[in-house]
Amino acid sequence: MRILPAALFLLLLAGIAGTPAPAIKTEFDGASVEIAADRAWVLLPQGCVTISWELEGILSIYVDDQGKIGWGEMKYCPATDASGPLFEITVENGQLRKYELNVRHFPTALAQSLVGLLLISPCIIALFYLVTLRMAGPIPLNASPVLALLALLLFLMLAQTAQPYAIGGLLGGLGNVFTTRAWHTFGLALAGIVFIPLVFEYCSQAIRKRLRADFLVISVFIVFILLLYLPYGFDSIGQKEEWINRAFLEGRPSRMSREVLTRFFGHFAYPLAEALDSNSFVGFHLLNFLMFCGKLALFYVFLRRLRVDTLSAFVTTIVFMVYPVNSSLMSLRSFPLQLSMLTLLAAVNLALDYLRKPGRLTLLRLWLALILTLAIHEIAFVIILVVPLLWLLRGPRKTWQNFNMTAIWCLVPVLKIIYLLVLASGGLRIYGIHYVVGPVRADRNILETVVYYADVIADVYRQVLWDGWHEAIVGMGENTYLAHTLIAVALTAIAMALLAMDKRAGALPSRRAAILWLVGGLIFILPSIGVGMWIDKYYTEFWRLYVNVPFGASIAFFGLLLLLTAPIRNAGIRKSLVIVVSLLLILPATSRLFVQHGYFNDRANAKASILLQIVEQVPHYDSKARMVLLTNMSLDMLSELGIDELWTHMFDSAIYLIYGEDRPMASSLCILGEACSTNDIDESLQNLDADTDYRDIVVFRLYDDLSVELLRELPSELGGEQNHTYNPERLIDTSAPMPPRALAMLASARRASANP
């Protein structure tokens with residue numbers, strides 16, 4: 001083993017010495033170019049090379065933006081982030097060519113190799129655990145691992161002698177891979193490896209152990225979620241993210257491309273949704289339904305594996321589902337966040353499986369679940385980092401088992417942190433924004449910043465402990481599906497009663513356990529808001545912060561209920577009181593979900609009705625046309641009517657998907673006298689006025705009652721009849737049939753318009 005690093009070191013020296021000096025010798029458009037350096041490598045941090053050039057038939061030459069004459073030489077001292085001088089050569093006919101002379105810089109090559117080694121190290125440690133399944137003892141520390149890492153570093157350096165590389169550049173190139181359908185299908189296959197055996201194993205165990213109560217609970221979960229969907233069906237219109245993401249995956253240029261490097265499995269479920277129905281949003285709703293069922297099942301299984309009795313686990317899980325904090329739970333907008341929660345629950349259960357019986361397949365599936373969790377969304381990052389407390393508290397004396405399990409669990413988050421740091425160091429935008437962690441603002445000192453974040457935390461606890469329940473109770477009057485709500489709660493009550501009467505079920509937790517539940521749940525709320533409060537883009541969007549809060553909140557809720565009923569010595573009376581109080585609070589919380597589902601459904605249909613009217617009036621556009629939806633309504637009014645998301649780039653995404661090949665080049669919503677909506681592509685309009693050139697624009701008018709009219713002439717504010725550039729007739733075909741996708745994607749809106 002010791003011979004290998006020495007051999008690689010000698011090869012590295014030979015490679016550096018034998019690397020030919022870089023040179024460029026070429027001709028183009030009558031010009032001849034000769035550029036050369038006196039050697040290939042700069043070995044010292046402040047070292048330089050001599051570069052000479054001789055050019056003929058050129059108009060100008062710039063070297064790193066500095067003007068030069070056609071021949072000469074210069075000293076070039078590379079910086080740590082540069083790969084060579086850039087020559088920009090313009091010939092007499094105006095043609096411009098750029099050439100970069102590749103000078104190797106040893107400190108830069110070493111830094112890049114160290115970064116590569118840093119990325120590979122967690123994978124090496126993972127391979128060690130996969131081969132050894134070590135749990136009971138320490139990791140052997142001797143010279144061999146150090147020599148192996150040194151050999152790997154020398155190998156990476158040796159690769160630099162053949163072809164220089166930048167780790168950030170290599171990772172940046174993955175963006176094209178992460179947008180392909182093959183990549184999403186690969187992610188779907190990984191999810192199948194995680195979940196399919198999990199379902200099979202747990203069902204087999206339940207059948208083998210005759211856990212009828214657990215089957216009853218899972219059945220209630222499925223029916224409960226089904227009742228939430230029955231009033232609205234599964235073919236209702238998608239939300240903002242579904243239009244944008246789907247259009248992006250089908251090839252529309254989008255700012256989503258900035259996020260695929262960090263959330264590279266964020267869209268892996270989309271191929272499955274499209275396989276279920278490629279021309280509507282049925283697939284997304286069905287997946288959302290299954291995901292809710294899966295979350296409840298996995299959370300319940302997790303509690304049962306912690307030896308919680310069936311009644312306590314069932315009540316806590318139902319409260320976990322309905323806890324009134326997340327204002328977007330029933331929106332498809334929460335789809336990635338909920339999917340991340342589902343994979344996290346799978347990872348925790350797989351970790352418990354591995355603690356019980358270490359196995360290589362279980363370990364691989366555990367890591368896959370964690371990779372999916374962090375590659376879908378970053379919101380669960382802090383929860384992942386505190387999960388090791390689970391086995392530390394369960395077995396405090398199992399020192400080496402806890403250490404090895406923690407190392408196994410933390411490999412994936414550590415690798416993700418390294419990955420993000422590499423992306424950031426390469427100048428790539430993290431999560432589509434310039435910076436992630438909210439900075440200390442110039443107008444706030446450190447103390448004021450601490451107070452600010454303390455206020456955020458206080459807002460979360462206030463929403464969790466009071467405001468959410470108050471909103472749920474007050475909102476019961478808005479529930480138009482009270483019968484469905486009562487059926488769902490009645491079903492829950494029957495299940496609770498059956499579980500309470502089950503003689504094989506254990507007793508409710510003791511007073512001491514209740515205190516631990518309450519304190520643990522309240523403490524766990526803090527990591528549940530986790531990384532979201534530190535991301536400058538998200539810390540004011542509380543619905544993101546609250547997505548994982550029900551983990552701790554539901555446990556704290558039930559802990560408080562147990563603590564209040566602990567003085568009752570009669571087990572039957574105590575269980576009855578727990579059931580009654582739970583149902584009294586579950587009723588308004590469940591009602592809130594029906595109200596919320598209706599709210600998002602109505603907003604989606606409002607936007608869909610506008611899209612439908614546009615398609616019905618103009619089913620086909622010239623490929624160079626731009627479409628504008630003009631309105632006098634303010635953004636506040638658009639929000640009140642539930643259509644403000646059309647102001648964002650959702651509008652153009654929806655038009656892109658609905659029309660297919662018959663779509664306009666770009667589409668915008670413009671508020672008269674103000675700005676036009678944002679757009680992901682270059683053909684955005686900034687504003688409309690009487691001086692705008694309307695030769696390629698088709699204008700619709702959106703009125704306060706959400707009716708839409710194709711304008712044959714411009715309104716007076718935009719020049720009216722005097723503006724002769726506007727002629728929509730040559731850009732549209734009103735006699736063409738409606739695009740097939742419009743018939744499917746807007747089906748619910750078509751039914752609503754037919755039956756007002």
Taking the six-membered ring for Trp, is the centroid-to-centroid distance between [X] and [Y] below 6.0 Å?
X	Y	value
Y62	F87	no
Y270	F284	yes
F268	H184	no
W183	F186	yes
Y229	H597	yes

Sequence neighbours excluded, every pair satisfying salt bridge (charged side-chain N to carboxylate O under 4.0 Å, His left out) that has a member inside residues 264-282 |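 Every pair satisfying salt bridge (charged side-chain N to carboxylate O under 4.0 Å, His left out) with a residue in residues 264-282: R181-E274, R246-E274.
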
What closest approach, in Å, do P619 and D662 show between heavy atoms, and which atom pair accounts for it?
->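 Shortest heavy-atom separation between P619 and D662 comes out as O-CB, 3.9 Å.
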
Could you give the distance from [atom1] ([X]) to [atom2] ([Y]), rounded to the nearest 0.5 Å?
X	Y	atom1	atom2	answer
E729	T734	CD	OG1	7.0 Å
S707	L702	OG	CG	7.5 Å
L710	Q613	CG	CD	12.0 Å

Do [X] and [Y] have side chains that approach each other closer than 4.5 Å (heavy atoms only, starting at C-beta)?
X	Y	result
I671	N632	no
S331	Y599	no
L593	L329	yes
L657	W243	yes
L611	F651	yes

Would you check if there is a donor-acceptor pair between the side chains of E713 and Y726 at a distance under 3.5 Å?
->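 There is no such pair between these side chains.
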
State whether a side-chain donor-acceptor pair under 3.5 Å links D652 with S668.
->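 There is no such pair between these side chains.
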
Y621 vs D733, side chain to side chain donor-acceptor pair (under 3.5 Å): CA-CA, chis, key distance, verdict = CA-CA 6 Å; Y621 291 86; D733 182 358; over 6 Å; no

Whether Y323 side chain and V464 backbone form a donor-acceptor pair below 3.5 Å |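 Yes; at least one donor-acceptor contact below 3.5 Å.
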
N605 side chain to N601 main-chain N or O, any donor-acceptor pair under 3.5 Å?
->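 Answer holds: yes.
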
Listed partners of K607 passing salt bridge (Lys or Arg N to Asp or Glu O under 4.0 Å), at least two apart =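 Partners of K607 by the salt bridge (Lys or Arg N to Asp or Glu O under 4.0 Å) criterion, ordered by chain and then number, come out as E645.
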
D696/K624 salt bridge by N-O under 4.0 Å criterion =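 Looking at K624 and D696, the cut-off is not met.
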
Are R333 and E242 within salt-bridge range, i.e. N to O under 4.0 Å?
->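 A salt bridge is absent here (no side-chain N lies under 4.0 Å from a carboxylate O).
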
What residues, two or more places apart in sequence or in another chain, satisfy side-chain hydrogen bond (donor to acceptor under 3.5 Å, both in side chains) together with T343?
->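 Applying side-chain hydrogen bond (donor to acceptor under 3.5 Å, both in side chains) to T343 gives T373.
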
